[in-house]
Asks: 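The structure that follows is given in the form of C-alpha cells.
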Amino acid sequence: MRESPFGLRLWRLLSQRRPTFDTSVERMRVVLAGDAGVPSGELAAVIEDGAVPDPDLVRKLAPVLGIHTADLFVVAGLPVPDDLASAWPTSPWDVGAILRHAVGMSADQRRRLAALVRSLPARPRRGPAPSDDWPDTPGALLLRLLRNRNIRPHNARILKAVGDGPYVSDSTLFGLGRGTVAVTPRYVGAFAHLLGYAPGEMVALTGIGPVVEDARVHPASAEIAALAWQARRLDDEQLSAVMTAAQAARHD
C-alpha cells in the first residue's frame with residue numbers, strides 16, 4: 001500500500017492543537033472524526049497507518065480543521081480538484097505581482113484593492129494545471145501552497161517583505177521544491193505569514209521548527225495573505241485589470 005505524508009502531517013497538527021498537555025492525539029482524532037462526520041476507522045487508517053486519503057474525506061475534514069479545502073488537498077499530497085484549483089499559471093501577471101504593490105500601499109489603498117478583487121467573479125479553469133516532479137517534501141509543500149494562490153515559486157522578494165523570509169534569490173527559493181535548498185524555520189515562518197497560517201501550525205504541517213519569535217513581519221501581513229487568497233482564481237484579463245488599478249493607486 002502506498003503511504004501518504006498526510007497522516008503524519010495531520011497527527012502533528014492535532015498534537016499542536018491539543019487544549020492541554022494531557023489531551024491525547026487519539027482523543028483529538030476521535031473528536032475530529034465525529035465533527036467531520038467521517039468513520040473513525042477511516043481517519044485512523046490515514047493518521048496511524050499512512051493510508052492515502054479519499055478526496056471526499058479531505059473535503060469533509062477541511063472546514064472542521066479550519067483550513068481552506070484546496071490547501072488541504074495540497075497538504076494531503078493530492079491534486080487539487082478543478083472546482084477548487086487556482087488560476088495558476090497565468091500570464092503575464094500572477095497574484096505575486098499584485099502583492100508586490102500591496103506591500104507598499106497604505107491601509108486605505110489596500111482596502112480598495114481588496115474590494116476590487118472581491119468584486120470580480122471567479123472564472124473556471126480552462127484546463128488542468130501543469131504538474132511538477134517534486135517529491136512530497138516540506139519544501140515542495142510550501143511552494144505548492146504558494147502556487148495554490150497563483151503565486152509563482154519565484155517570489156523571494158514577497159516572502160521577505162511579508163514574512164521576513166531569508167534574503168535569497170528567486171532561483172534559491174525555487175530550489176525548495178527540488179530539494180536542493182534546505183528548509184529552515186525562518187522559511188517556514190515566512191511562508192506561514194504569506195499564506196495566512198499561524199506559524200505554529202505551519203511548523204506542525206512541515207515538521208520543521210521552532211517558531212521564529214523575532215521575525216519582522218509586515219504589519220498588514222494578515223490582510224495581504226487574505227488578498228492573495230481572494231485573487232487566486234482571477235484569470236489573465238482580470239489580473240491585468242487589477243494590476244492597472246494597483247499601479248494607478250500607487251502613483252495617485
Side-chain angles (χ1 to χ4, degrees), residues 58-59 62-63 66-75 78-132 141-163 165 170 173-174 177 190-197 218-252:
V58 176
R59 287 184 184 267
I67 294 177
H68 294 299
T69 305
D71 271 0
L72 199 61
F73 271 93
V74 176
V75 173
L78 298 176
V80 180
D82 289 346
D83 65 307
L84 300 174
S86 75
W88 184 86
T90 51
S91 179
W93 308 114
D94 70 337
V95 173
I98 296 174
L99 300 190
R100 283 195 289 274
H101 284 288
V103 295
M105 287 180 167
S106 68
D108 183 62
Q109 288 172 329
R110 277 192 298 272
R111 281 194 293 269
R112 284 186 279 138
L113 184 64
L116 171 61
V117 168
R118 287 194 300 270
S119 73
L120 299 172
R123 291 178 176 169
R125 290 189 56 85
R126 297 176 181 174
S131 60
D132 58 63
L141 172 62
L142 294 172
L143 292 191
R144 286 169 178 154
L145 288 171
L146 201 67
R147 249 179 9 196
N148 203 32
R149 286 144 179 78
N150 190 24
I151 301 175
R152 298 187 185 104
H154 298 89
N155 272 286
R157 176 181 168 189
I158 295 300
L159 192 68
K160 172 71 174 174
V162 176
D170 287 346
L173 192 65
F174 191 77
F191 271 96
H193 291 291
L194 180 56
L195 297 169
Y197 282 76
H218 193 289
S221 61
E223 297 171 36
I224 293 170
L227 175 64
W229 187 261
Q230 291 159 358
R232 64 187 288 274
R233 303 193 74 185
L234 302 183
D235 64 13
D236 299 345
E237 180 183 349
Q238 292 169 319
L239 286 173
S240 292
V242 173
M243 280 295 293
T244 298
Q247 290 164 347
R250 292 289 306 280
H251 292 93
D252 187 359

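The figures that follow rest on heavy atoms only: side chains count, while hydrogens, waters and symmetry mates do not. This structure is a prediction, so every number in the text was calculated from the model and none was measured.
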Asks: CG of Leu113 to CG of Leu227: how many Å apart, nearest 0.5 Å?
Replies: 5.5 Å
Asks: My understanding is that only residues two or more places apart in sequence, or in another chain, count here; which of them pass salt bridge (Lys or Arg N to Asp or Glu O under 4.0 Å) with Asp132?
Replies: Arg144, Arg147
Asks: For Arg110, which residues count as a side-chain contact (heavy atoms from CB on, under 4.5 Å) partner, sequence neighbours excluded?
Replies: Ala102, Met105, Ala107, His218, Ala220, Glu223, Ile224
Asks: Test side chain to side chain contact (heavy atoms under 4.5 Å, CB included) on Leu141 and Val75; report intermediate values, then the result.
Replies: CA-CA 7 Å; Leu141 172 62; Val75 173; 4.2 Å; yes
Asks: To the nearest 0.5 angstrom, please state how far the OG1 atom of Thr244 sits from the CH2 atom of Trp93.
Replies: 8.5 Å
Asks: Please report the closest heavy-atom contact between Arg125 and Pro89, naming both atoms and the distance.
Replies: NH2-CD, 4.4 Å
Asks: Who passes salt bridge (Lys or Arg N to Asp or Glu O under 4.0 Å) against Arg123, sequence neighbours left out?
Replies: Asp235, Glu237
Asks: Please list, chain by chain and in numerical order, all residues satisfying ring pair (Phe, Tyr, Trp, His ring centres under 6.0 Å) with His68, sequence neighbours excluded.
Replies: Trp229
Asks: Under the side chain to side chain contact (heavy atoms under 4.5 Å, CB included) rule, what do Asn148 and Phe73 come out as? Steps first, then yes or no, please.
Replies: CA-CA 10 Å; Asn148 203 32; Phe73 271 93; over 6 Å; no
Asks: Taking all atoms of both residues into account, what is the closest heavy-atom pair of Ser86 and Arg233, and its distance?
Replies: CA-CG, 4.4 Å
Asks: With distance as the sole test, does Asp236 use its side chain to make a donor-acceptor pair with the main-chain N or O of Leu239 at under 3.5 Å?
Replies: no
Asks: Testing the basics here: between Ile98 and Ala231, what is the closest heavy-atom pair and its distance to 0.1 Å?
Replies: CD1-CB, 4.4 Å
Asks: Only distances under 3.5 Å count here; give the side-chain donor-acceptor pairs of residues 154-162 to other protein atoms, sequence neighbours excluded, each with its distance to 0.1 Å.
Replies:
| from | atom 1 | to | atom 2 | distance (Å) |
| --- | --- | --- | --- | --- |
| Asn155 | OD1 | Arg100 | NH1 | 2.7 |
| Asn155 | ND2 | Arg152 | O | 2.9 |
| Lys160 | NZ | Asp164 | OD1 | 3.4 |

Asks: Going by the rule side-chain hydrogen bond (donor to acceptor under 3.5 Å, both in side chains), which residues pair with Thr90 if we only count those two or more places apart in sequence or in a different chain?
Replies: Asn150
Asks: Mind checking side-chain contact (heavy atoms from CB on, under 4.5 Å) for Leu120 and listing every partner two or more places apart, or none if nothing turns up?
Replies: Leu234, Gln238, Val242
Asks: How would you list, by chain and number, every residue that makes a salt bridge (Lys or Arg N to Asp or Glu O under 4.0 Å) with Arg118, sequence neighbours excluded?
Replies: none
Asks: Sequence neighbours excluded, which residues qualify as salt bridge (Lys or Arg N to Asp or Glu O under 4.0 Å) partners of Asp83?
Replies: Arg59
Asks: Supply the atom-to-atom distance Leu146 CG to Ile151 CD1, rounded to the nearest 0.5 angstrom.
Replies: 4.5 Å
Asks: Do Leu194 and Leu99 have side chains that get closer than 4.5 Å, going by heavy atoms?
Replies: yes
Asks: What distance do Leu145 atom CG and Asp71 atom CG have between them, rounded to the nearest 0.5 Å?
Replies: 5.0 Å
Asks: Step by step, would you call His101 with Gln109 a side chain to side chain contact (heavy atoms under 4.5 Å, CB included)?
Replies: CA-CA 10 Å; His101 284 288; Gln109 288 172 329; over 6 Å; no
Asks: How long is the straight-line distance from CG of Leu143 back to CZ of Phe174, given to the nearest 0.5 Å?
Replies: 7.5 Å
